[in-house]
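One-based numbering, in listed order, for ligands and for the atoms of each.
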Amino acid sequence: MHGTTSAPRIRVPALFFKPFFRRTAVTISFQELASNSKPIVPVIALPTLESALPLADTLSSCGFTMLEITLRTDCALDAINQLRQQRPELIIGAGTVKNSQQLQQALDAGAQFIVSPGTDSDMITQARAQQVALVPGVMTPSEIMQAANLGMDTVKLFPAALAGGTEFISAMAAVFQGVKFFPTGGVSEDNVNQYLALPNVICAGGTWLTPTSLISRGDWNKIHEIAQRC
Ligand code: 3PG
């Protein structure tokens, strides 16, 4: 669902793939994208490409249809591409996207949304030009203002627990009406419902659902057990 027009493309290594996906529906609203999914987004650091499909199947069998694959491991872009091609019913985003080149690579792999740990005006401009939902990371009112003034409707509060957690998000509600939060960083099974109870939280995410140790040993039963509790 990429924009079909004139945005310049940065070459990706041959190891990857030709840009395969073209965006068929135009959206730059993360709120719109997230509104039909369970409001908990697994944040995934995939150790191997082989784990992508069984992990996605385990999570989707528990109702998790929106997944964030972080660009923290070598196989992340290939995993995004594979999931888009083989599990088109899921909504696959790229996380830990820190610059414009990574953003372009994620889009070329087929990512349907982009999550960044910070707010970068170049990335926001690029995402808007390509009609893709971007969730920039924030930790202060100034960063929320910057993101909102650049047209973003959702921000990632990161690291949420250190930033003040639910109290910070509540305090922002009156000032930043219309801005929704996607907290990650210190969100867990024990506190996720407190975040989700806030009207200005659209979803919450974290790695607690998909510990690398369990993925590495293919313990899908254990991940299923954790996911079913949420
Ligand atoms: C993120 O990338 O959003 C966070 O690193 C997730 O934080 P967590 O490991 O505390 O869930």
Between CE on residue M139 and CG on residue L157, distance to nearest 0.5 Å: 7.5 Å
Look at the aromatic rings of F181 and F168 and report parallel, tilted or perpendicular, splitting at 30° and 60°.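 The arrangement is perpendicular - the two ring planes meet at more than 60°.
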Which residue holds the protein heavy atom closest to [atom], what is that atom called, and what is the gap in Å?
atom: atom 3 (O) of ligand 1; result: K156 NZ, 2.5 Å
atom: atom 10 (O) of ligand 1; result: G186 N, 2.8 Å
atom: atom 4 (C) of ligand 1; result: F158 CE1, 3.5 Å

Applying a 4.0 Å heavy-atom criterion (strictly less than), which segment of E68 is in contact with ligand 1: side chain, backbone, both, or neither? neither
If you measure from atom 6 (C) of ligand 1 to every heavy atom of G205, G137, G185, which option wins on shortest distance? G185
Out of T207, T184, T210, whose heavy atom sits nearest atom 8 (P) of ligand 1?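 Considering heavy atoms of T207, T184, T210, the nearest to atom 8 (P) of ligand 1 sits in T207.
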Please list, in number order, the atoms of ligand 1 under 4.0 Å from a heavy atom of R72. 1 (C), 2 (O), 4 (C), 5 (O)
Expected output: side-chain S116 to main-chain K98 donor-acceptor under 3.5 Å: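 No; judged by distance alone, with no hydrogens or angles, the pair does not exist.
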With only distance considered, is G206 within less than 3.5 Å of ligand 1 through an N or O on each side? no
W208, any N or O under 3.5 Å of ligand 1 N or O: no
Minimum side-chain heavy-atom gap D120-P136 below 4.5 Å: no
Heavy atoms of other groups near E167 CD, more than 12 under 6.0 Å: no
